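Since the structure comes first, as structure tokens, the remarks are kept for the end.
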Amino acid sequence: MSILVLPSVTANLYNLSNSYTYSKSKTNNDQNLRRDTEIISLLQQNRKNLKHVESIHGKAIKKGTEQDPFVVFDLVRLYCKLNIDHATKLFHCTHNPNVYLYTSLIDGFVSFGSYSAAIALYAQMGHKNVFPDSYVVTSVLKACLLQRALGFGREVHAQVLKSGLGLDRSIALKFIELYGKCGELEDARKVFDKIPERDVVAHTVMMASYFDHGMVEEAIGVFDGLKTQDTVCWTAMIHGLVRNGELNRALEMFREMQVKGVEPNEVTFVCVLSACSQLGALELGRWIHIYMHKCNVKFNQIVAGALINMYSRCGDIDEAQLLFDDMKVKDVSSYNSMICGLALHGMSIEAIELFREMLKQGIRPNSITFVGVLNACSHGGLVELAFEIFQSMETLYGIKPDIEHHGCMVDILGRVGRLEEAYNFIDRIGAQNVDDKMLCSLLSACKIHGNSEVGERVAKRLSECSSRMDSGSYMMLSNFYASLGRWNFAAEFREKMEKGGILKEPGCSSIEVNNVIHEFLAGDLRHHERRSIYRKLEELNYLTKLEGYSPATEVALHDIDDKQKELALAVHSERLAISYGLISTEPHTTLRVVKNLRICDDCHAMIKLVAKITSRKIVVRDRNRFHHFENGHCSCKDYW
DNA sequence: ACCCGTTCCA
């Protein structure tokens, strides 16, 4: 069968005649014959190509079967995937569209991101006296939850209860999801509790809703309420724990899943790899990588990206690079993972070269790409290049810089000491592009460069956005004033923080030894080998002082005497983690430490010497980037 | 005739 190609199909397409009726000779009483099977099977075979679908549509018009509800239905569904405007026009040319046709176009709008159009169409359906079925309701609820249209969702709920569709399973699932996404957990729970046969899917939806809002224990309660959990349910559990920062619990769950004999799938592995990335658990990550091959996991783009991310965030940028080079098909996310990884390791030139390579391959950068590239510029001190790229975002790639990108620019200017410029930049970009993170970064730069004049202006501005300040901002302000010796101001911000019920995020470092993550807080005495750890630390203090290390007491900012300051510094969490690493691993083993805050000058200076004295490579990931210490030097060249 | 819940990079 050849495809009839009309010269200007699209032009004629929507002048549909009103005369469509089957003549007696073409129909009999069998409903199945009341459809143009030829057109439908043609559409089945040519679903991917807009031109082909258009010409089949033309053929239907010629045959006079273009109002056949089955033909229109298939056409609208295909057009929805190919060209939403075609779908809309065809819909409006259809006489008395039935509920199926409404469903297809509503689904089309949803996948196109036009949620309000989907909702409007559903409302219009009511006015045309077309009665909803369970499918169209689930479709419009999908639009409601993505649009967070809680009010309309409630109207639909009332309608559904009246119409008798209230007991439908898929509708109930969507209501749980809608209420869950909108933060109405009690309503979500009510729907969940009313489902007569709560299966694993309903439990999974309810669980994910709790996790979305940080209600970890409630989510676990729902999970435990099931007798048997399947792969997806376990995965939702692991993902929920990861999202809520319960990384070790997530890994425990993964182990338990294996004990119970439930096969993980590629989604499970992506979640587990994310936990490894955040923990810096390289050995475990490597083991999982090997294990994935045994589980016949599909290595799709997301899985590959998760692996690249894991290796680079765990400090093994070479392995990340090898994986990236091996990828046959690379999309924008693959490049983003690698660019961000290189930036994290301070490999600015490599990151920017990769960005150029990506452009050469014709891959369009997105907003995340630029965060990575600008971060790379920041770590390399490449100010002018950063401005060039920043400007090109909108002019060349049509991407409006958001708050994150503006933050990178402030960071870059601050780091190289162009503080006045950075301040003017913030003034220029408008309040909607300024956040406390950005002001903190500039204030930190002012402190490092000893510019109290700009610093005070920034501090004033930062303290004015107290409504959305976190512990980092308060500590920054307190430390800034302390560095000027203005102890009363310093104390005031600490008090404000305590009164506001905001807890200081404690410095925490972790190190992986034999697949176990050991965590240390500053001055931590919980570890069972604490005696040996502190003995090692004392030895290191002694040896590094011989090498010329002198504790820079001004970085410890309490109003206490110098000896006390030295003591406070001496037990910073990263030092404990390194001491433990030294006593628990073979000589020459690389130590990898992950710290949740930024490393301080003093620890940085000391670790350089520790690496030299012990002939170890020491890799530290802090909040911002990696530091590779070796033989008395750091890969960041003391610039971070 | 429309299809259940879980995924990386800032």
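These numbers come from a predicted model, not from an experiment. Any value given below was found using the heavy atoms of this structure, including those in side chains, with hydrogens, waters and symmetry copies removed. Proteins come first, then strands; the chains are lettered A, B, ... in the order of their sequence lines, and each starts at number 1.
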Nearest to the side chain of [X] - [options]?
X	options	answer
A:A236	B:dT6, B:dC4, B:dC8	B:dT6
A:N265	B:dC8, B:dC4, B:dT6	B:dT6
A:F73	B:dC2, B:dA10, B:dC4	B:dC2
A:Y100	B:dC9, B:dG5, B:dC2	B:dC2

OP1 or OP2 of [N] less than 4.0 angstrom from a side-chain nitrogen or oxygen of [X], does that happen here?
X	N	answer
A:N309	B:dC8	no
A:H239	B:dT6	no
A:R77	B:dC3	yes

In whole Å, what is the span from the [atom1] atom of [X] to the [atom2] atom of [N]?
X	N	atom1	atom2	result
A:Y311	B:dC9	OH	C1'	17 Å
A:L226	B:dT6	CG	C1'	14 Å
A:K142	B:dC2	NZ	C1'	10 Å
A:I399	B:dA10	CD1	P	16 Å
A:Q44	B:dC2	CD	C1'	13 Å
A:I238	B:dT6	CD1	P	15 Å
A:L105	B:dA1	CG	P	21 Å
A:F70	B:dC2	CZ	C1'	12 Å

For DNA chain B, find the residues of [range] with a heavy-atom distance under 4.0 Å and give them by number; none if there aren't any.
range	answer
residues 130-138 of chain A	A:D133, A:Y135
residues 168-183 of chain A	A:R169, A:K174
residues 324-355 of chain A	A:S333, A:N336, A:S337, A:C340

Side chain to side chain donor-acceptor pair (under 3.5 Å) partners for A:D187, two or more places apart: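 By the side chain to side chain donor-acceptor pair (under 3.5 Å) rule, A:D187 matches A:R154.
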The criterion is side-chain contact (heavy atoms from CB on, under 4.5 Å); which residues satisfy it with [X], sequence neighbours excluded?
X	answer
A:S139	A:T103, A:I106, A:D107
A:E404	A:V371, A:D402, A:K437
A:L322	A:E319
A:T138	A:S170, A:I171, A:K174

Considering residues at least two apart in sequence or located in another chain, which fulfil the salt bridge (charged side-chain N to carboxylate O under 4.0 Å, His left out) criterion with [X]?
X	result
A:D212	A:K181, A:R243
A:D74	none
A:R249	A:E217, A:E246

Touch check for [X], heavy atoms < 4.0 angstrom, all strands: base, sugar-phosphate only, or nothing?
X	answer
A:V232	base
A:N98	base
A:V201	base

Heavy atoms of other groups near A:N96 CG, more than 12 under 6.0 Å: no
Closest non-hydrogen atom pair between A:D436 and A:D470, with its separation: OD2-N, 4.2 Å
Listed once per pair and sorted, the side-chain hydrogen bond (donor to acceptor under 3.5 Å, both in side chains) pairs that draw on residues 341-351 of chain A, sequence neighbours left out: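 For residues 341-351 of chain A, and leaving out neighbouring residues, the side-chain hydrogen bond (donor to acceptor under 3.5 Å, both in side chains) pairs sorted by first residue read A:H345-A:H628.
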A:E38 with A:K63: basic N within carboxylate O range, under 4.0 Å: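 Looking at A:K63 together with A:E38, the answer is yes, because their closest N to O distance falls below 4.0 Å.
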Pair A:E505 + A:R623: basic N to acidic O under 4.0 Å: yes
A:D230 (side chain) and B:dG5 (base): donor-acceptor pair under 3.5 Å: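 Side chain to base: pair present.
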